[in-house]
Amino acid sequence: MVDILEGLNPQQTAAVTAPDGPVLVLAGPGSGKTRVLTHRIAYLVDQRGVPPWHILAVTFTNKASREMRSRVEGLLGGALQGITLGTFHAVCARWLRIEADRYLDGLTSEYVIYDEADQLKLVKDVIVTELNLDDKTNQPARILNAISAAKNDLISPADYQPRSYREEIVLRVYERYQERLRASNAVDFDDLLMRSVELFARHPDVLARYRRTYTHILVDEFQDTNAAQYQLVRLLAGDAGSLFCVGDEDQSIYRWRGADYRNVLRLREDYPALRTYLLEQNYRSTQSILDASRAVIDRNANRTPKVLFTHNGPGESLILYEAHNEQFEADFVVRTIAMLVRQGITEPGGCAVMYRTNAQSRVLEDAFVRANLPYRLVGATRFYGRREIKDLLAYLRVIHNPADQVSLLRVINTPPRGIGDRTLQTLTAWATSMGVSLYEALNRLLTDPDSSPLTGRARNALAGFAALLNGWRELRDKVALPVLLRQILDETRYQQYIDDGTEQGTERWENVRELLNLTAEYEELPLATFLEEVTLVSDVDTLIEDVNAPTLLTLHAAKGLEFDVVFLVGLEEGILPHERSRDDPEAMAEERRLMYVGMTRARKLLYLVYSFARTMWGDQMLNTPSRYLSDIPASLVSMAPGQSFAVHRLRAETTWMSGSPRVERAAEDEAIAFKTGQRVYHPKFGEGIVVECKSSGTDQEISIAFREAGMKRLLASYANLTPLDG
DNA sequence: GGCTCATATTTTTTT
DNA sequence: AATATGAGCC
């Protein structure tokens with residue numbers, strides 16, 4: 001048994017040993033946030049005698065929860081029995097599975113989870129065939145986004161207030177979409193949260209039961225909770241509950257998914273007794289990396305300023321490299337990693353290359369392949385997103401839950417078995433007229449074929465499929481999962497269908513075999529568990545740890561990780577910050593946080609790389625270097641070896657601008673709102689105090705009493721003001 | 001009903 | 001550049 005408080009600094013110890021009741025730990029990157037959370041769990045179990053099954057710990061990735069479990073077990077010196085530890089989505093999925101039959105309308109414990117592709121199919125079908133709308137003007141993806149946003153804010157179709165014609169359409173699709181989910185006995189990702197909130201809000205007895213169970217609730221990455229998740233935590237913790245949240249506003253990067261860092265403020269309001277702990281010592285990075293990161297993040301308004309310090313020493317300068325194009329960019333990365341490894345500065349596994357979009361990984365992969373060096377790729381084409389995998393999972397889902405219409409339609413003619421659009425239309429119309437599901441209609445076709453409008457070849461094809469499906473359904477309870485899957489593969493001749501002799505076909509069959517291997521691990525478990533896990537587990541979670549090779553990953557996937565050497569590539573306007581965020585100040589603030597997250601992943605060395613030219617959408621683009629580069633003081637950065645002085649001078653105006661931090665202009669970042677009494681700094685007028693604020697349009701007209709220059713009226717967007725704190 | 005070829009569209013980030 | 005959709009033909 002390890003001493004649980006050993007090796008913690010005083011701030012961390014205070015947080016870990018905090019008395020029961022609401023606690024918020026605000027902490028910068030590399031300050032041991034997750035460590036505090038794991039030690040807190042161990043402390044509760046070991047020192048306070050809390051039984052593990054009274055503990056609920058939620059994280060945002062499966063990887064984080066797995067890591068947390070093993071760390072707590074390490075501290076306690078044994079397996080941790082009964083603790084509920086997982087992502088919000090996984091935990092909710094389990095609760096719904098248990099409670100659905102008794103408490104949830106239109107949902108049984110056999111329910112399946114629809115991923116984004118399934119959702120899109122459903123939305124598209126609703127738009128095109130149910131509402132007879134054009135899916136060009138009413139883009140399914142956009143409508144789905146709107147629906148998802150509503151769900152994340154816990155707005156049901158009944159509560160949805162359309163404020164425009166577009167939203168009118170969203171509402172109509174939303175209503176029908178929910179009906180279709182219900183008919184399929186399915187939930188989407190957002191429903192997992194929303195229906196859990198519904199469960200607790202509508203059934204006080206159930207809530208009371210869960211509250212008795214979970215006397216201690218811990219939340220990691222609290223800044224990334226959305227309204228539904230917050231509500232869930234709020235309900236379960238009650239007013240006096242023991243709630244322990246850790247987070248960092250500056251690392252909030254999931255706003256587009258409904259996350260709202262203002263939940264941190266809400267927590268303060270909802271829990272006046274909230275104890276807040278700040279962790280400001282960084283154990284990860286060098287001072288240079290910290291200072292540079294701070295220079296970048298300091299320009300975001302509306303944040304609690306944190307002074308991060310480290311005892312790691314200044315370390316090396318950051319290194320800036322301008323590549324001619326993305327190929328050279330990738331070559332530079334590969335070459336440099338090889339050099340660092342050769343010099344013994346780091347191992348290959350200590351290096352990571354981070355980028356804004358998955359599309360950027362391709363060129364990097366090519367460069368590694370050319371250099372004959374191994375690498376680990378996180379994300380990109382997700383394993384479970386591959387067509388052949390989705391096909392087979394759809395088979396399993398229909399066998400598990402035949403109401404699942406999306407999956408049924410996916411497999412009914414895959415591989416082709418003579419069931420075309422016309423036949424499907426007839427079948428659907430017939431099923432609708434009888435008010436039954438497609439599966440029930442198929443069965444009726446078997447028992448009483450002459451009652452159907454289907455004849456000849458079409459009828460035979462459908463009956464054949466129905467017989468297959470029923471056969472597998474019987475088999476399901478008798479044999480293990482791998483046997484069932486093998487049977488499906490055999491009876492559908494899936495290999496002949498997918499492996500057409502081409503390289504791609506062979507690769508697809510390899511993937512199928514990989515899936516077969518995977519099912520072996522679930523031999524003893526119910527099919528529901530398997531289906532749930534493959535839907536909720538992402539590729540980020542399946543990162544293989546034991547290969548000593550550089551990691552390629554998006555900035556989003558990088559959160560919570562750290563590496564000796566980090567390469568941030570594609571640091572260009574349009575990529576980071578991303579083009580799509582340009583018009584939204586809040587989104588722009590998030591792009592900046594993304595840069596910050598990337599920079600603070602580095603322990604020893606940080607390379608900042610951008611390209612002069614880049615091929616995008618088949619076109620040559622000349623992007624300017626990212627604005628974030630010019631926020632980093634020149635004194636912290638040096639040029640990469642081999643960079644010519646000319647290149648340096650070429651970018652001089654745009655790349656170098658050191659000096660006092662300036663908050664991003666209001667035109668770009670609406671988040672700045674000055675209040676009377678606020679102390680500010682102006683480069684020309686010096687220090688002053690805001691005495692009056694008037695909002696004019698999106699801007700603010702503020703009167704400031706300057707110590708030296710007297711009263712001035714200024715427009716916030718042009719004034720270049722820095723708020724002074726304390 | 002299914003296959004092939006041409007055209008359009010895509011790319012933000014993920015549970 | 002790579003994949004998804006659609007038209008046209010068998």
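So that the names make sense, note that chain A is the first sequence line, chain B the second, and so on, each numbered from 1.
Going from the C1' atom of dA4(C) to that of dT13(B) covers 22 Å, rounded to whole Å.
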Short heteroatom pairs, N/O only, protein and nucleotides 1-9 of chain B, under 3.5 Å:
| residue | atom | partner | partner atom | Å |
| --- | --- | --- | --- | --- |
| dG1(B) | OP1 | Gly420(A) | N | 3.3 |
| dG1(B) | OP1 | Thr423(A) | OG1 | 2.4 |
| dG1(B) | OP2 | Arg422(A) | N | 3.4 |
| dG2(B) | OP1 | Gly418(A) | N | 2.8 |
| dG2(B) | OP2 | Asn413(A) | ND2 | 3.1 |

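With centres under 5.5 Å and a plane angle under 30°, the ring of Trp256(A) is stacked against the base of dT13(B).
Qualifying side-chain hydrogen bond (donor to acceptor under 3.5 Å, both in side chains) partners for Ser196(A), counting only residues two or more places apart in sequence or in other chains: none. Residues passing the side-chain hydrogen bond (donor to acceptor under 3.5 Å, both in side chains) test with Gln251(A) are Asp248(A), Arg601(A), sequence neighbours excluded.
Side-chain contact check for Tyr254(A) and Glu221(A): no donor-acceptor pair (N or O, by modelled atom type) lies under 3.5 Å. Looking only at atom types and distance, the side chain of Asp404(A) has no donor-acceptor partner in the side chain of Ser184(A) under 3.5 Å away.
Side chain of Ser65(A) to backbone of Gly86(A): no donor-acceptor contact under 3.5 angstrom is found.
A close approach under 4.0 Å does occur between a side-chain nitrogen or oxygen of Thr554(A) and OP1 or OP2 of dT14(B). The shortest distance between the side-chain N/O atoms of Asn226(A) and the OP1/OP2 oxygens of dT15(B) is not below 4.0 Å.
With dT5(C), dT13(B), dT11(B) as the candidates, the nucleotide lying closest to the side chain of Lys124(A) is dT5(C). Residue Arg362(A) places its side chain closer to dA2(C) than to any other of dA2(C), dT11(B), dT5(C).
Residue order along DNA chain B, read from the 5' end via each residue's closest nucleotide, puts Gln139(A) first among His89(A) and Gln139(A).
Residues Glu326(A) and Gln360(A) form no side-chain contact, since every pair of their non-hydrogen atoms from C-beta on lies 4.5 Å or further apart.
One interatomic measurement links the two molecules: CD of Glu532(A) to C1' of dT15(B), which rounds to 13 Å at whole-angstrom precision.
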